[in-house]
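Let me begin by presenting the structure, written as structure tokens, before commenting on it.
Predicted model only: the values in this text are computed from it and were never measured. Every chain is numbered from 1, with letters handed out A, B, ... down the list of sequences.
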Amino acid sequence: MRIDRGHFRWFLFSTGLLVVACVTYALYARGAPGGPTGGSAMGLTFGIAGTAFMLFAALLGVRKKRPHYRVGRAATWLKGHLWLGALSFPLVFFHAGFEFGGPLAKVLMWLFILVFLTGLFGLALQQILPRFMTQNLPQEVVYEQIDHVRRALLEEADLLVTGATRRNPGVSRPKSDGAIQGRVVESRAVPAVQDGSDRAPLVRFLDKHLKFYFQPRGPAESPLADPNGRQVLFEELRSDVDPRLHGVVADLEAYCVQRGQLEAQRRLHHWLHGWLLIHVPLSWTVIFLTAVHAVMSLYY
Amino acid sequence: MLEPKTARDLVPRVDMTYFRRWHWLRVARFVTTMLLLGVAAFWVIGTSALRNKTIYANGPVSSGHSFIEERCGSCHTEGFRKIYDASCLQCHAAAVGLPHVPAGRGRDPACGKCHAEHRGNTLLSAVEDKHCNTCHDAHSDITSLETHIWFRPQPRDQHLRFNHLKHLDLDLVGGPLECDACHVVVGRNFAPVRFAEHCVRCHRETVSADIDIVVPHGFQIGELRDWIAAVYVREWLGKRPEEISPAATVPGRGGSGPPDWALAIAERTRSAQAALFQPGRGCLLCHVAEGQKILTPEIPDRWLPRARFDHQTHRFQSCDRCHDLREAMSADLLALPRVETCRACHNRGGARAKCVTCHPFHPN
């Protein structure tokens with residue numbers, strides 16, 4: 001989520017709360033005879049507030065799994081996740097009096113620091129990568145669809161090369177069915193134009209380069225992955241085929257460009273969401289250990 | 001170029017069931033979460049199974065309690081409760097002793113209020129000054145030894161004149177004395193200086209020049225006069241017993257007035273007494289007389305009654321480092337160190353300078 005003007009009220013609220021917490025902590029730490037401790041009334045207050053914010057931040061995952069629940073907009077939850085989750089960081093340190101305590105508390109604090117840092121890292125990526133993708137990857141698809149689209153593109157390329165069929169652009173016509181009225185697109189598959197040209201170079205190119213490039217590992221090893229190499233290969237192909245098939249060559253080149261974009265998108269998506277592989281498991285571990293810490297600390 | 005696609009053309013590219021499948025990133029996230037939770041649960045349950053509860057502690061216990069570090073129940077007798085003082089007093093009753101807060105003015109705070117455990121290898125007795133200031137707010141300006149601007153010594157007159165400088169003088173007969181000739185450390189303080197043990201080695205007062213009998217110490221003026229007279233009577237008896245025979249002393253036989261021998265003894269007694277009680281000499285060299293009474297010296301055990309100083313722990317320092325004897329011209333002017341002297345060592349980064357370093361909370 002990008003930090004924009006829509007976060008202003010959250011920013012004001014969180015900053016205000018942080019200032020109040022800082023002043024309270026300073027007064028409390030100055031007056032506490034034995035120094036600030038998590039077991040004191042003020043320390044417990046900081047701990048409870050910090051834990052509440054952590055829990056709210058963790059509930060974002062639950063909220064995402066239940067998008068139909070009428071419990072506020074997902075964007076609001078995400079903003080709350082960002083700002084309240086960030087606010088829990090100083091509150092937890094105020095609770096602990098900036099001490100790391102015993103073994104469990106130490107582990108908890110270090111995990112929490114990691115959660116916070118990975119969250120910051122993810123937030124920083126969210127400020128850069130989506131904009132970059134919008135500008136540089138115009139043919140972006142849903143990440144989970146990348147493999148499916150890759151296969152679909154290869155099928156389309158195969159059809160283009162073998163000249164089996166072509167789909168006409170389709171015609172939009174008004175249609176009504178009782179009270180339901182609207183426009184529908186009608187299209188039909190038609191055989192490709194049999195122009196009598198020699199398609200053997202295209203078939204060879206398809207078999208030799210395209211099919212490999214459209215494999216999952218293709219972009220890593222195929223010369224088509226490199227824009228310069230791709231340009232050279234397609235120039236050679238153009239010189240080999242009948243000029244009447246240059247349109248098909250151009251289409252194949254466009255498929256290759258799109259394949260490249262899919263791969264770039266996959267890579268960027270791994271960056272954009274890969275940090276969650278650390279952030280989310282650590283977050284749940286922190287919540288589990290926080291519960292243990294709370295119960296055992298109150299017990300003893 | 002690739003011809004423009006309509007939505008219908010693009011339909012085959014859309015997998016309508018993709019949301020039903022978990023992508024490997026989500027699977028990996030789930031598996032990692034479960035794995036980490038499993039490790040955390042294994043750690044917690046495993047340590048509980050091994051009865052090792054120190055992982056829940058806020059930190060290591062103090063060095064003094066390290067032998068019960070793994071026996072939580074020694075102090076934590078009940079779950080979800082604070083630690084009772086009774087747990088501490090099981091071992092520390094003798095050290096705590098009487099209450100600190102005077103009767104009728106509240107109760108002593110709980111042990112843990114000042115002696116916070118699980119703070120690592122610290123000294124529990126090193127209590128922070130803030131604890132003291134919660135009640136002694138009149139001294140809230142004294143936040144450290146740096147702001148402790150004065151000492152309040154024992155104000156009373158100890159009725160004794162003593163010149164330290166003269167006893168340390170190189171020209172002293174027999175050579176100058178060392179401090180420990182009189183001041184012997186016993187425990188934290190010094191044993192009292194006693195005439196019979198220390199002073200008598202040099203200060204032997206005889207009755208008079210003509211008879212070498214040492215004057216006993218500890219008599220009042222009247223008692224001393226009688227004692228001197230008795231000495232002279234015994235001496236007279238030894239030399240001319242017939243003059244003091246019972247027959248010679250029968251009233252009416254020896255004429256009027258006291259006999260000559262009695263007058264002579266009275267005169268010698270007066271003379272000896274005058275010699276002993278000359279101002280600044282004899283008994284009055286050290287003692288103070290008021291009329292016919294020698295005032296009993298009142299030398300306090302501790303010159304700073306509100307504080308505790310441990311001479312034993314300072315034994316590696318030379319005495320004159322703290323006690324400036326130039327100020328000790330007489331016993332009235334004590335050679336007590338000033339607070340600046342203490343600050344030279346007791347400062348931040350140096351020796352401890354907490355309230356309780358000098359002012360113990362527990363009377364014992």
Side-chain angles (χ1 to χ4, degrees), chain A residues 30-35 37-39 96 99-105 107 111 141-145 147-149 152-153 155-156 167 169-170 172 185-187 247 250-255 257-258 269-270 273-274 276-285 288-289 292-293 296-300, chain B residues 1-10 12-15 18-19 21-23 25-26 28-37 39-41 43-44 47 53-60 72 75-76 79-83 109 112-116 118-120 127-134:
Chain A
R30 192 161 170 256
T37 60
E99 298 276 344
F100 276 37
L104 177 63
V107 169
L111 290 181
V141 299
V142 176
Y143 172 75
E144 285 83 354
Q145 301 256 10
D147 282 335
H148 182 79
V149 172
L153 287 178
E155 281 175 18
E156 289 181 22
R167 196 178 296 277
S172 175
V185 176
E186 289 181 348
S187 68
D251 286 353
L252 292 180
E253 192 170 8
Y255 282 129
V257 170
Q258 192 165 354
H269 185 91
H270 287 171
H273 297 276
L276 287 170
L277 266 178
I278 304 172
H279 185 77
V280 172
L282 287 184
S283 300
W284 286 110
T285 310
F288 169 69
L289 290 179
V292 174
H293 166 73
M296 298 313 286
S297 298
L298 291 175
Y299 183 84
Y300 287 110
Chain B
M1 284 295 292
L2 201 62
E3 65 183 37
K5 300 281 184 187
T6 63
R8 191 165 186 110
D9 290 327
L10 293 175
R13 292 189 186 177
V14 179
D15 177 9
Y18 78 94
F19 56 87
R21 292 190 303 273
W22 277 31
H23 193 266
L25 262 176
R26 293 174 72 188
R29 199 191 307 164
F30 177 78
V31 169
T32 315
T33 303
M34 289 298 126
L35 204 64
L36 272 180
L37 282 175
V39 169
W43 183 43
V44 170
T47 48
K53 291 169 184 167
T54 53
I55 66 162
Y56 306 120
N58 192 33
C72 309
C75 304
H76 301 273
F80 299 107
R81 298 260 183 192
K82 285 190 172 180
I83 295 175
K113 194 89 174 169
C114 304
H115 305 289
H118 293 292
R119 295 286 181 89
V127 175
E128 289 295 324
D129 295 348
K130 285 179 183 174
H131 290 289
C132 308
N133 287 337
T134 51

TODO: Could you check if a side-chain atom of B/W22 sits within less than 4.5 angstrom of a side-chain atom of B/F30, using non-hydrogen atoms only?
DONE: yes
Open item on the list: For B/K53 versus B/C72, what's the shortest heavy-atom pair and its separation?
Closed with: CB-SG, 3.9 Å
Open item on the list: With a 4.5 angstrom heavy-atom cut-off, is it the side chain or the backbone of A/A32 that approaches chain B, or both, or neither?
Closed with: backbone
- [ ] Give the member of A/P103, A/A105, A/A152 that has the highest number of heavy-atom pairs under 4.5 Å with chain B.
- [x] A/P103
- [ ] Select one option (side chain, backbone, both, neither) describing which atoms of B/A57 are under 4.5 Å from chain A's heavy atoms.
- [x] backbone
Task: Residue A/V292 versus chain B: region with a heavy atom under 4.5 Å - done: side chain
- [ ] Indicate yes or no: at least one non-hydrogen side-chain atom of A/E156 is less than 4.5 angstrom from one of A/Y255.
- [x] yes
Open item on the list: Please check if the number of heavy atoms outside B/K130 that lie under 6.0 Å from its NZ is greater than 12.
Closed with: yes
Task: chain B contacts, top residue of A/E99, A/H270, A/H293 (heavy-atom pairs, under 4.5 Å) - done: A/H270
Task: Heavy-atom side-chain proximity of A/L104 to A/M296 below 4.5 angstrom - done: no
Task: Partner residues of B/H23 under the side chain to side chain contact (heavy atoms under 4.5 Å, CB included) criterion, sequence neighbours left out - done: A/Y143, A/E144, B/L25
Open item on the list: With a 4.5 angstrom heavy-atom cut-off, is it the side chain or the backbone of B/T134 that approaches chain A, or both, or neither?
Closed with: side chain
TODO: Could you pull out the closest heavy-atom pair between A/Y300 and B/H76, with the gap in Å?
DONE: O-CE1, 3.6 Å
Task: Segment of B/V14 engaging chain A (4.5 angstrom heavy-atom cut-off) - done: both
Open item on the list: Need one label for B/T54: side chain, backbone, both or neither, based on atoms under 4.5 Å from any heavy atom in chain A.
Closed with: backbone
- [ ] Side chain from CB out, backbone as N, CA, C, O: work out which of these in A/L282 comes under 4.5 Å of a heavy atom of chain B, or both, or neither.
- [x] both
Open item on the list: Looking only at heavy atoms and a cut-off of under 4.5 Å, which of A/S283, A/A96, A/P281, A/G274 has the most pairs with chain B?
Closed with: A/P281
Task: Portion of B/R119 that has a non-hydrogen atom of chain A nearer than 4.5 angstrom - done: side chain
- [ ] Nearest 0.5 Å please: distance from the CZ atom of B/R13 over to the CD atom of A/E155.
- [x] 11.0 Å
TODO: Would you mind checking which part of A/V141 comes under 4.5 Å of any heavy atom in chain B, side chain (CB onward), backbone (N, CA, C, O), both or neither?
DONE: neither
Open item on the list: Could you report the tightest heavy-atom contact between B/L37 and A/W284, atom names first, then the distance?
Closed with: CD2-O, 3.5 Å
TODO: Counting only heavy atoms closer than 4.5 Å, note whether A/L298 contacts chain B via side chain, backbone, both or neither.
DONE: both
TODO: Flag the one option from A/L289, A/V142, A/L276, A/L111 with the top tally of heavy-atom pairs under 4.5 Å to chain B.
DONE: A/L276
